[in-house]
Protein chains: 2
Amino acid sequence: MLNPKYLKTFATLAETGSFTKTAERLFMTQPGVSQHVKKLEQSCECELLVRLGKGIELTEQGRQVYRYAQQDEARQQRFLEQLKFDEPHQGRCILACSGAVALRIYPGLTALQAKYPALSIHVEVAPRHRIVESVKQGTIDIGIVTNTPADESLSADYLAEEVLNLFLPATVTDLTSINTTLGRLGLVDHPDAAHYLQLYCNHSGEESLANLEIPKLKRSGYVNQLSQILLPVSAGVGFTVLPASVEKHAGHGSNIAVYPAACTVSEPLYLVRSRHRKLPARYAGVTKAIYDAVQQS
Amino acid sequence: MLNPKYLKTFATLAETGSFTKTAERLFMTQPGVSQHVKKLEQSCECELLVRLGKGIELTEQGRQVYRYAQQDEARQQRFLEQLKFDEPHQGRCILACSGAVALRIYPGLTALQAKYPALSIHVEVAPRHRIVESVKQGTIDIGIVTNTPADESLSADYLAEEVLNLFLPATVTDLTSINTTLGRLGLVDHPDAAHYLQLYCNHSGEESLANLEIPKLKRSGYVNQLSQILLPVSAGVGFTVLPASVEKHAGHGSNIAVYPAACTVSEPLYLVRSRHRKLPARYAGVTKAIYDAVQQS
DNA sequence: GCATTACATAAATTAAAATTATCAATTTAA
DNA sequence: TTAAATTGATAATTTTAATTTATGTAATGC
């Protein structure tokens with residue numbers, strides 16, 4: 001739309017106030033300057049300067065175009081300069097993970113960002129399949145998921161275990177016939193509830209849970225806001241299965257009990273990246289922050 | 001430096017992932033796309049994408065260039081759109097005046113800006129000659145000065161009178177031999193002091209003041225911060241001549257006295273603009289605010 | 001009022017960019 | 001495994017755009 005050469009010529013003309021001097025300074029001929037200005041005026045669809053007997057005067061639009069030209073040149077120069085460097089604490093990092101993992105890693109990432117204000121960390125909470133998809137197509141640089149994707153173009157590094165808890169209202173004291181109790185309470189549903197519950201029942205080491213008929217289970221509520229899933233449980237109106245770390249952040253305290261299963265149930269977390277892509281230096285610090293966050297909790 | 005056509009081609013390539021599809025979408029041929037990318041890489045002095053067997057993948061720099069291309073296009077479109085309109089309450093207004101006038105008009109301008117946040121009002125305090133000069137060369141859009149400039153290219157509209165006061169310490173009670181008193185106190189100097197004092201003595205209607213030998217007068221201090229000029233006067237260590245409006249804003253209250261001259265001394269204020277320039281719509285409101293400010297005070 | 005300065009216009013030249021034609025590499029299907 | 005198809009790179013030609021030379025016109029100064 002706006003030819004940058006014309007902008008440069010116009011800016012110089014605005015500064016010198018003379019077509020001839022502009023031509024000299026830019027190593028071109030005077031008619032060239034005239035033509036650049038004319039074409040720029042055509043692009044802008046308005047007059048940029050008025051010819052007075054002595055010298056020229058910019059119109060209001062001419063002034064605006066001059067400002068734009070200056071800023072544009074400066075911006076481009078800055079951009080090209082920083083393009084050459086791979087600053088370790090500067091630029092945009094784009095991650096995706098589940099809501100539960102976000103709860104675990106976001107404080108550490110925020111701290112990192114506070115330490116290096118030029119860092120800009122974007123965390124997107126998304127369902128598993130969309131995370132893998134986004135990393136593959138390159139819109140997300142690092143994904144955290146619970147399995148190693150089959151795709152050859154992706155690499156997966158083991159991070160940590162994510163412990164799953166079965167959360168019950170604290171009012172439930174009799175745990176002898178757990179299946180009946182769960183059936184009475186009903187599941188507080190959320191996007192990952194079915195997956196978590198299936199996993200939990202199969203690996204809790206308790207025969208009764210393994211026989212739980214999940215599809216037939218009553219759904220006593222649904223919410224896709226992680227921090228609010230435990231609310232109905234604390235109110236005594238349902239149960240749910242979630243990563244253990246969620247409880248700390250939600251803070252419903254003594255109203256919630258954790259079912260004491262025979263085995264601890266957990267699933268692994270993997271850090272997924274594009275195998276063919278060399279990530280910029282700033283991801284080193286971010287990756288370290290992620291490791292620290294998931295391993296301490 | 002960065003050809004916007006190449007940027008557009010590269011951005012489309014980043015989105016389609018295919019040279020051929022990019023060519024189709026931009027109504028060009030496939031070799032054209034190859035050439036654009038190659039030249040863009042030369043401009044950036046780095047590789048922007050790697051050719052994988054299946055499809056392409058952007059390098060880190062390629063991603064940055066893609067972001068830049070997107071932003072640049074959006075920015076230019078926005079700029080060209082707003083260039084066509086002359087919004088009455090949006091944009092930058094640049095004024096210049098004396099410090100005393102700034103004191104009178106700035107509150108009103110600030111109020112205007114508060115009412116229309118998209119307005120950006122810049123007030124530059126400068127000596128008379130520089131104001132006229134700046135308006136002529138177009139770096140200042142509106143100037144306020146105390147005389148009508150001779151220059152044909154400038155227009156001057158009468159605004160109001162600026163009353164001048166001779167400020168004395170309140171401790172001075174005997175005004176019978178004012179020349180002696182002034183000589184004893186000494187002048188608190190500031191950039192416009194000589195000009196104001198000359199004017200005051202010539203038009204006060206008092207013979208003794210008209211005979212005051214200004215060049216021989218003792219200088220008892222100097223400061224070019226308008227709000228601080230009256231400080232030495234209130235402390236009893238000198239006198240000065242200033243626009244009456246300054247006293248209200250400085251607020252030294254009862255420590256300062258105004259000499260009761262036979263005549264009120266004042267000089268006119270003129271609003272100066274470039275005669276050949278049509279100012280944008282937003283200056284209507286600004287000009288009105290200036291009139292209101294100088295006429296009520 | 002004539003010379004000088006400064007910008008505009010038109011035609012010609014030169015440079016740049018796009019296309020056509022062709023090649024090489026990779027992928028897909030037989 | 002090989003032949004056909006797809007996809008991008010390269011080279012030469014054509015087309016388009018930009019620049020310059022030559023010339024004209026208006027304003028300013030001596």
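Side-chain atoms are counted along with the backbone in the values below, which use heavy atoms only and exclude waters and symmetry mates. So you know, we letter chains A, B, ... as the sequences are listed, proteins then strands, and number each from 1. Source: prediction; values computed, not measured.
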Colleague: Whether A:Arg275 and A:Asp151 form a salt bridge (side-chain N of Lys/Arg under 4.0 Å from carboxylate O of Asp/Glu) is what I want to check.
Modeller: no
Colleague: Among B:Val135, B:Leu95, B:Val272, which one satisfies side chain to side chain contact (heavy atoms under 4.5 Å, CB included) with B:Ile142?
Modeller: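 It is B:Leu95, the one option of B:Val135, B:Leu95, B:Val272 that forms the side chain to side chain contact (heavy atoms under 4.5 Å, CB included) with B:Ile142.
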Colleague: Expressed as a whole number of angstroms, how long is the span from B:Glu57:CD to D:dT7:C1'?
Modeller: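 Taking atom C1' of D:dT7 as the reference, CD of B:Glu57 is at 18 Å.
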Colleague: For B:Tyr66, run the side chain to side chain donor-acceptor pair (under 3.5 Å) check against B:Arg63, B:Gln64, B:Gln70 and tell me which one passes.
Modeller: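 Only match with B:Tyr66 under side chain to side chain donor-acceptor pair (under 3.5 Å): B:Gln70.
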Colleague: Need the bend value for the helix from C:dG1-D:dC30 to C:dA30-D:dT1: angle between end axes, 5 pairs each end, nearest 10°.
Modeller: 20°
Colleague: Just call it for B:Thr29: base, sugar-phosphate, or nothing, with non-hydrogen atoms closer than 4.0 Å on any strand.
Modeller: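 Base, at least one base heavy atom under 4.0 Å.
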Colleague: When you get a sec, tell me which of D:dA11, C:dA18, C:dA8 is the closest nucleotide to the side chain of A:Pro31?
Modeller: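 When the side chain of A:Pro31 is considered, C:dA8 is the closest of D:dA11, C:dA18, C:dA8.
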Colleague: Between B:Tyr6 and B:Gln30, which has a closest nucleotide on DNA chain C that is more 5'?
Modeller: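 It is B:Tyr6, whose closest nucleotide lies nearer the 5' terminus.
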Colleague: To the side chain of A:Lys38, which of D:dA11, C:dT9, D:dT19 is closest?
Modeller: C:dT9
Colleague: Is there a donor in the side chain of A:Glu162 and an acceptor in the side chain of A:Thr146, or the other way round, less than 3.5 Å apart?
Modeller: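 Short answer, no.
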Colleague: A:Gln42 has an atom CD; how far is it from atom P of C:dA8, in whole Å?
Modeller: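 The distance from CD of A:Gln42 to P of C:dA8 comes to 13 Å, rounded to the nearest Å.
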Colleague: Is atom NE2 of B:His195 surrounded by more than 12 heavy atoms (other residues, nucleotides or ligands) closer than 6.0 Å?
Modeller: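 Enclosed.
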Colleague: Looking at B:Thr20, I'd like to know whether one of its side-chain N or O atoms comes within less than 4.0 Å of OP1 or OP2 on D:dG8.
Modeller: yes
Colleague: Hey, what's the ring geometry for B:His89 with B:Tyr116, parallel, tilted or perpendicular (30° and 60° as the breaks)?
Modeller: parallel
Colleague: Taking CZ from A:Phe19 and P from D:dT25, how many angstroms apart are they, rounded to a whole number?
Modeller: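 Atom-to-atom, A:Phe19 to D:dT25, this comes out as 19 Å.
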Colleague: What is the ring orientation for A:Tyr270 with A:Tyr158, classed by angle as parallel under 30°, tilted 30 to 60°, or perpendicular over 60°?
Modeller: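 Perpendicular, since the angle between the ring planes exceeds 60°.
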Colleague: D:dT10 P sits how many Å from B:Lys39 NZ, rounded?
Modeller: 13 Å
Colleague: Return no unless some side-chain N or O of A:Lys21 is found under 4.0 Å from OP1 or OP2 of C:dA6.
Modeller: no
Colleague: Suppose we call a contact any N or O donor and acceptor under 3.5 Å apart; does that hold for the side chain of B:Gln35 and the base of C:dT19?
Modeller: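 Such a pair exists between side chain and base.
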Colleague: Within less than 4.0 Å of OP1 or OP2 of C:dC7, is there a side-chain N or O belonging to A:Ser34?
Modeller: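 Looking at the OP1 and OP2 atoms of C:dC7, neither is under 4.0 Å from any side-chain N or O of A:Ser34.
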Colleague: Nearest whole Å is fine: how far is C:dC7 C1' from A:His36 NE2?
Modeller: 16 Å
Colleague: Between atom CZ in A:Phe27 and atom C1' in D:dA18, what is the gap in whole Å?
Modeller: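 Taking atom C1' of D:dA18 as the reference, CZ of A:Phe27 is at 19 Å.
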Colleague: Is A:Lys278 salt-bridged to B:Glu47, cutoff N-O under 4.0 Å?
Modeller: no
Colleague: I need the CD-C1' distance between B:Glu24 and C:dA18, as an integer number of Å.
Modeller: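 These atoms are roughly 17 Å apart.
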Colleague: Among C:dT9, D:dA18, D:dA11, find the nucleotide with the atom closest to the side chain of A:Asn3.
Modeller: D:dA18
Colleague: Would you tell me if any nitrogen or oxygen in the side chain of A:Arg51 comes within less than 4.0 Å of OP1 or OP2 on D:dA26?
Modeller: no
Colleague: Can you check the B:Leu26 CG to C:dA18 P distance for me, whole Å?
Modeller: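 My rounded result for the distance is 11 Å.
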